[in-house]
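Note: hydrogens, waters and symmetry copies are ignored here, and every other heavy atom, side chains too, is used. Predicted model only: the values in this text are computed from it and were never measured. Just follow the structure's listing: the first ligand is 1, and inside any ligand the first atom is 1.
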Amino acid sequence: MMAWRILAAPMALLGTLAASASALADHGMAHPWQLGLQAPVTPVAVQLNDFHNLLLVIITVIAAFVTLLMIVVFFKFNARANPTPRATTHNTLLEVMWTAIPILILVIIAIPSFKLLYFADRSVDAEMTVKAVGHQWYWSYEYPDHGEFTIDATMLADNELKPGQPRLLATDEAIVIPVNTNIRLLIAADDVIHAWAVPAFGVKLDGVPGRLNETWVRVEKEGTYYGQCSELCGTGHGFMPIMVKVVSKSAFAAWVEKAKAEYAARDDRPGVKLAAAGGVTTQ
Ligand SMILES: [Cu+2]
């Protein structure tokens with residue numbers, strides 16, 4: 001009873017900290033003094049969080065057990081406490097145990113790990129597709145199901161930021177997707193290997209030139225979410241952030257109509273200019 005009372009105060013404090021951390025995490029980006037992972041907003045991210053918590057318990061128990069064993073050894077078997085050590089070298093039961101138990105722990109970890117890997121791999125019934133292509137150093141987004149238009153999203157410089165826009169994360173254009181929709185996400189690259197990563201979605205996948213990688217998202221909360229290129233891709237690697245706007249289905253439909261007119265007609269995109277000039281030719 002007494003022990004519980006002693007524990008109650010720090011537990012309450014931890015609870016308050018966790019609550020304020022999750023309130024701050026609503027912004028879909030990392031926050032100073034944040035505890036834990038960013039608030040998950042997709043089924044994959046929720047499962048990733050749960051898996052992370054399971055691993056945290058397992059490694060804490062292992063670390064505590066090994067520390068305890070070492071403390072016992074330090075005190076019980078030092079030269080002063082144990083001047084004439086026994087000459088025992090083998091113990092079959094002990095050796096079988098310290099081989100079998102770690103294998104069992106690894107199997108316990110591997111089963112949910114593989115389940116999650118396959119769950120994150122592809123959407124069973126995707127309602128639409130968005131393709132993200134990494135370039136040195138910006139992302140472009142293609143909407144093949146909505147009229148083939150393409151958007152280039154470039155990081156805002158410090159002097160372009162409006163109040164409330166996060167530095168090194170906000171972009172001039174954003175990838176816009178509807179809420180509560182299974183979205184197939186195709187990730188590729190134009191020049192070198194990049195990686196499209198948004199922590200709140202539980203997505204981090206390489207964009208490889210000449211390859212099409214697939215994953216999916218179903219964002220359950222409207223808002224703006226941020227991520228960064230997560231594969232070292234050159235001097236501008238730190239300056240090609242990802243800004244995702246998740247909007248209602250009706251707002252998305254309205255945005256598509258506007259975007260079709262705006263982006264499809266534009267000819268100042270680097271890719272369009274390149275195509276007009278006959279593409280890249282090596283001589
Ligand atoms: Cu990159």
Would you mind listing every ring pair (Phe, Tyr, Trp, His ring centres under 6.0 Å) that reaches into residues 47-106, with sequence neighbours excluded? none

Is I187 reachable from V44 through a run of hydrophobic residues whose side-chain heavy atoms are each under 4.5 Å from the next? no

Only protein N/O/S atoms count here: give how many lie under 2.8 Å from the Cu ion (ligand 1). 4

Classify the ring geometry between F149 and W255 as parallel (under 30°), tilted (30 to 60°) or perpendicular (over 60°). perpendicular

Would you say the ring centroid of H146 lies under 6.0 angstrom from that of F252? yes

Does a donor on one side chain sit under 3.5 Å from an acceptor on the other, for Y225 and Q38? no

Can you tell which of N180, T42, I177 makes a side-chain contact (heavy atoms from CB on, under 4.5 Å) with R218? N180

